[in-house]
Amino acid sequence: MRVTLDSVTCRDTEDVTGADELYLVGAVTAGDEASTRAILTRPLSIDNGQTSKFGEGGGTVFDAHVEDGRLLKIAFAAMDEDAGKDWARREELITKVTKNVSDGLRASGNPQAVAAAQVLPLAVQGLGLAVQLDADDELGQHLYEYPVGVRATVVSTQSVPFQKTTGRWGWSTWQYTVTYHIVTGDVDLEWWLAERARRRREAGF
């Protein structure tokens, strides 16, 4: 199975003075150390009306065999970076996130029963003070448990809204959509998406 981060669309930034610096932090796991992968993207500078592909940290964030009957836990938060960080240490931070999630699963006594809502705090804790999350604005959380082997869909595309649409005088509002794909089987994702788009055009969608 693969999980691939695709893009983010901004309709309203959290920063009223200009572009946000958006990044994702979290993890994907099937409930064991071998299948645990961190999510940590470099910030994207994005403004109203823009759609951007994820750069470093995007693309395929999970690629591992998962047995039918398991739940694939996908948990991440969207953040607006306000405090500068040493992103040159990103690989080191990914290792810390992966280890903290894996340690938490092991300590639970029943790793496969750990919910996506429990995975995300473990991922954030793995970053520690190095990224000063308390100084960044959380735009929302995505917590999803995908049943492996239950659905026949080869590619499941998820469009995840992160938004706050009410605020005093328009301050502290935002509206984003993050798109990612869950891929089962050996399929060329780019070809599959292009073929789906072609069929939709032909059908008049």
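Quick caveat: nothing in here was measured; it's all calculated off a predicted structure. No hydrogens, no waters, no symmetry mates; every other heavy atom, side chains included, goes into these values. In this chain, residues are counted from 1 in sequence order.
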Q | Atom CG of Asp186: over 12 foreign heavy atoms under 6.0 Å | A |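 No.
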Spell out, as yes or no, whether a donor-acceptor pair under 3.5 Å connects the side chain of [X] to the backbone of [Y].
X	Y	value
Thr41	Leu24	yes
Arg42	Gly55	no
Arg2	Thr60	no
Asn100	Ala123	no

Taking all non-hydrogen atoms of both residues, which atom of [X] and which atom of [Y] are closest, and how far apart?
X	Y	answer
Thr184	Val187	O-CG1, 4.3 Å
Asp20	Glu14	OD2-N, 2.7 Å
Ala19	Asp47	N-OD2, 3.8 Å
Ile39	Ala75	CD1-O, 4.4 Å
Ala27	Val101	CB-CG2, 4.0 Å
Gly57	Leu5	O-CD1, 3.8 Å

Q | Evaluation steps, side-chain contact (heavy atoms from CB on, under 4.5 Å), between Val3 and Arg37 | A | CA-CA 10 Å; Val3 176; Arg37 305 287 188 274; over 6 Å; no
Q. Salt bridge (charged side-chain N to carboxylate O under 4.0 Å, His left out) with Asp63: which residues, sequence neighbours excluded?
A.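 With neighbours one apart ignored, the set is empty.
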Q: Check salt bridge (charged side-chain N to carboxylate O under 4.0 Å, His left out) between Arg199 and all other residues, then give those that pass, not counting sequence neighbours.
A: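 Salt bridge (charged side-chain N to carboxylate O under 4.0 Å, His left out) check on Arg199 returns Glu195.
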Q: Enumerate the residue pairs fulfilling side chain to side chain donor-acceptor pair (under 3.5 Å) with a member in residues 24-34, sequence neighbours excluded, ordered by first and then second residue.
A: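 Output for this query lists Thr29-Thr36, Asp32-Ser35, Asp32-Arg70, Glu33-Arg106.
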Are side-chain heavy atoms of [X] and [Y] found at a separation under 4.5 Å?
X	Y	value
Thr95	Glu91	no
Glu56	Trp87	no
Val28	Ile74	yes

Q. When clusters are formed by joining ILVMFWY residues with side-chain heavy atoms under 4.5 Å apart, either directly or through shared neighbours, do Val8 and Leu139 land in the same one?
A.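 They do share one cluster, since a chain of ILVMFWY contacts under 4.5 Å joins Val8 to Leu139.
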**Q.** Trace of the side-chain contact (heavy atoms from CB on, under 4.5 Å) decision for Leu193 with Thr157
**A.** CA-CA 10 Å; Leu193 293 174; Thr157 296; 4.3 Å; yes
Using 0.5 Å steps for rounding, measure from the [atom1] atom of [X] to the [atom2] atom of [Y].
X	Y	atom1	atom2	result
Gln158	Thr179	CD	OG1	9.5 Å
Asp6	Lys53	CG	NZ	3.5 Å
Leu127	Met79	CG	CE	9.5 Å
Asp103	Thr98	CG	OG1	10.5 Å
Asp15	Asn48	CG	CG	10.0 Å
Gln175	Thr13	CD	OG1	11.5 Å

Q. Who passes side-chain contact (heavy atoms from CB on, under 4.5 Å) against Glu21, sequence neighbours left out?
A.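 If we apply the side-chain contact (heavy atoms from CB on, under 4.5 Å) test to Glu21, skipping adjacent residues, the hits are Pro43, Ser45, Asp80, Glu81.
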Q: Check step by step if side-chain contact (heavy atoms from CB on, under 4.5 Å) holds for Ile182 and Tyr144.
A: CA-CA 11 Å; Ile182 304 171; Tyr144 187 46; 3.7 Å; yes
Q. Are Tyr23 and Asp136 close enough, and set up right, to give a side-chain contact (heavy atoms from CB on, under 4.5 Å), and what steps lead you there?
A. CA-CA 10 Å; Tyr23 68 95; Asp136 291 343; 2.7 Å; yes
Show every donor-acceptor pair shorter than 3.5 Å between a side-chain atom in residues 110-120 and any protein atom, with sequence neighbours excluded, or say none if there are none.
from	atom 1	to	atom 2	distance (Å)
Gln118	OE1	Ala115	N	2.8

Q) Could you give all pairs that pass the ring-ring contact (aromatic ring centres under 6.0 Å, His included) test and reach residues 53-82, with sequence neighbours left out? A)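 Only Phe76-His142, Phe76-Tyr180 qualify under ring-ring contact (aromatic ring centres under 6.0 Å, His included).
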